[in-house]
Amino acid sequence: MKKILALICARKNSSEIPNKNLIKFRGKTLIGHSIDQALKLKTKYKLKVLCSTDSKKISKIAKKHGALVPFLRPKKLALKNSPEWLVWRHALRYLKDKENYTPDIFISLPPTAPLRKSKDIFKCINLFMKKNKDIIITAHKSKVNPYFNMVEKDKNNNFQICKSSKVHISNRQKCPKVYSINTVAYVCSPKYVENKNNIFDGRVGIHEIDEKNSLDLDSKHDLKILKTFEKND
């Protein structure tokens, strides 16, 4: 049976939404949702669920939901500009050094995707186990496209389409398919986190998620959208 580490990263502060990870949705905190979703993997895998946080309050809630919290995250890894990749690496190194534990598969399930479905987590794992990709991320079809309706400023202070094409593209339907990354799940090996510098340092695969299940809670506008789902239950 494969050993899986499911990591829930939940720092105390948030740039736009105060105490974001402690927001309640359908009677449960966002951190609680992620842990409960991770624990469903126990049906098929030898599972360890760990929460990486710098908050004693979040730590207490995480433990109540069944996650391990063997440390409080170092301050340098809990800043708004701290790369989450290094948070992943810190958790894996801690378990290896302190508990001689190395999982076969590493999964990150951020609390910012409370609408994720368990079936999508399992599908990400299955895709990864085919061994033709170094990491599986989740994404949904993008409403905007750099070949058609996304612009950036050039050196002359004019705006141009972000990604040029040899043939003029007159409508979005003719554009190459592009996707928006969401935070439903990330699946890779511990070696990939240890030896690479970021997600896109190797062979990346995606599992496409329905847009309605891929909300990434990052702004107050996203929070308003989440609340509409709660009202419509």
Side-chain angles (χ1 to χ4, degrees), residues 1-13 20-22 28-79 81-113 116 118 120-131 133-138 183-199 201-202:
M1 184 180 286
K2 292 285 186 182
K3 293 188 296 181
I4 285 184
L5 173 66
L7 182 66
I8 317 296
C9 298
R11 69 188 183 94
K12 178 168 49 180
N13 296 318
K20 179 170 64 176
N21 294 308
L22 295 176
K28 189 188 302 181
T29 61
L30 296 190
I31 181 73
H33 277 286
S34 278
I35 293 168
D36 289 353
Q37 289 158 350
L39 287 170
K40 291 179 181 179
L41 296 172
K42 275 188 175 180
T43 59
K44 288 189 177 182
Y45 304 101
K46 192 173 182 181
L47 179 71
K48 189 186 290 284
V49 180
L50 187 146
C51 175
S52 173
T53 183
D54 59 327
S55 164
K56 290 182 179 179
K57 186 173 183 179
I58 290 176
S59 172
K60 187 176 180 180
I61 293 171
K63 288 175 182 177
K64 282 185 177 180
H65 280 273
L68 301 171
V69 191
F71 58 81
L72 284 180
R73 194 192 304 178
K75 288 183 179 180
K76 65 179 182 180
L77 294 178
L79 305 173
N81 59 349
S82 300
E84 191 148 316
W85 191 260
L86 297 184
V87 177
W88 295 0
R89 188 179 290 172
H90 171 263
L92 286 164
R93 285 181 178 178
Y94 181 94
L95 291 175
K96 184 178 181 179
D97 294 343
K98 302 294 184 181
E99 301 180 18
N100 195 30
Y101 171 84
T102 300
D104 299 306
I105 298 172
F106 169 84
I107 300 177
S108 174
L109 298 174
T112 50
R116 71 165 60 89
S118 296
D120 288 314
I121 305 174
F122 282 102
K123 285 180 179 178
C124 286
I125 297 170
N126 291 336
L127 278 174
F128 175 72
M129 289 176 66
K130 290 180 179 178
K131 296 185 181 296
K133 301 296 180 185
D134 294 311
I135 187 169
I136 301 296
I137 63 176
T138 52
T183 59
V184 171
Y186 303 84
V187 180
C188 64
S189 70
K191 284 185 179 179
Y192 190 66
V193 178
E194 183 64 39
N195 297 328
K196 301 297 183 179
N197 295 315
N198 59 66
I199 288 171
D201 233 359

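Residues S108 and E84 have side chains in contact (heavy-atom distance under 4.5 Å, counting atoms from C-beta outward). Within the 4.5 Å cutoff, side-chain heavy atoms of L41 are placed close to those of F122. Counting heavy atoms from C-beta on, the side chains of T112 and L30 never come closer than 4.5 Å. Counting heavy atoms from C-beta on, the side chains of K133 and L127 never come closer than 4.5 Å. Annotation: side chain of N198 is in contact with side chain of D201 (closest heavy-atom distance under 4.5 Å). Contact of the V87 side chain with the R73 side chain is registered, since non-hydrogen atoms from C-beta on lie closer than 4.5 Å. Considering only heavy atoms from C-beta on, I4 comes within 4.5 Å of I125 through its side chain. Here the side chains of H90 and F71 are in contact, with some heavy-atom distance below 4.5 Å.
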Got a list of side-chain donor-acceptor pairs under 3.5 Å for residues 99-106, not counting sequence neighbours?
from: D104; atom 1: OD2; to: K3; atom 2: N; distance (Å): 2.7

*Taking it one step at a time, do K44 and K2 satisfy side-chain contact (heavy atoms from CB on, under 4.5 Å)?*
CA-CA 8 Å; K44 288 189 177 182; K2 292 285 186 182; over 6 Å; no
*asked:* Pair L95, L50 - check side-chain contact (heavy atoms from CB on, under 4.5 Å), show working.
replied: CA-CA 10 Å; L95 291 175; L50 187 146; 3.8 Å; yes
*asked:* Determine whether T183 and R116 satisfy the following criterion, side-chain hydrogen bond (donor to acceptor under 3.5 Å, both in side chains), listing intermediate values before the conclusion.
replied: CA-CA 9 Å; T183 59; R116 71 165 60 89; 5.3 Å; no
*From CA spacing to verdict: side-chain contact (heavy atoms from CB on, under 4.5 Å), C9, W88*: CA-CA 8 Å; C9 298; W88 295 0; 4.0 Å; yes
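In this structure, the side chain of S82 engages the main chain of K76 through a donor-acceptor pair within 3.5 Å. Side chain of S34 to main chain of P110: a donor-acceptor pair is present (N/O by atom type, distance under 3.5 Å, no hydrogens or angles). Although no hydrogens or angles enter the test, the distance criterion places a donor-acceptor pair under 3.5 Å between the side chain of Y94 and the main chain of P70. Checked by atom type and distance alone, the side chain of D54 pairs as donor or acceptor with a backbone atom of K12 at under 3.5 Å.
Atom-to-atom distance recorded for L68:CG and I35:CD1 is 9.5 Å, nearest 0.5 angstrom. Interatomic distance, CG of N126 versus CD1 of I121, reported as 12.0 Å (0.5 Å rounding). From C124, atom SG reaches atom CD1 of I107 across 8.0 Å, with rounding to the nearest 0.5 Å. Here CH2 of W85 is found 6.5 Å from CD1 of I199. Values are rounded to the nearest 0.5 Å. Atom CD1 of I58 is separated from atom CZ of R11 by 10.0 Å, given to the nearest 0.5 angstrom. Rounding to the nearest 0.5 Å places CZ of R89 at 11.5 Å from NZ of K196.
Considering all non-hydrogen atoms of both residues, I31 and C51 come closest at CD1-SG, 3.9 Å. Shortest non-hydrogen contact noted between A10 and T53 is O-OG1, 2.6 Å. In terms of heavy-atom proximity, K56 sits nearest to L72 at CG-CD1, 3.9 Å. Nearest heavy atoms, A185 versus L109: CB-CD2, 3.8 Å.
Listed by first and then second residue, the ring pair (Phe, Tyr, Trp, His ring centres under 6.0 Å) pairs that reach into residues 31-65 are F25-H33, sequence neighbours excluded.
A side chain to side chain contact (heavy atoms under 4.5 Å, CB included) with C188 is found for exactly one of I136, D134, V193, namely V193.
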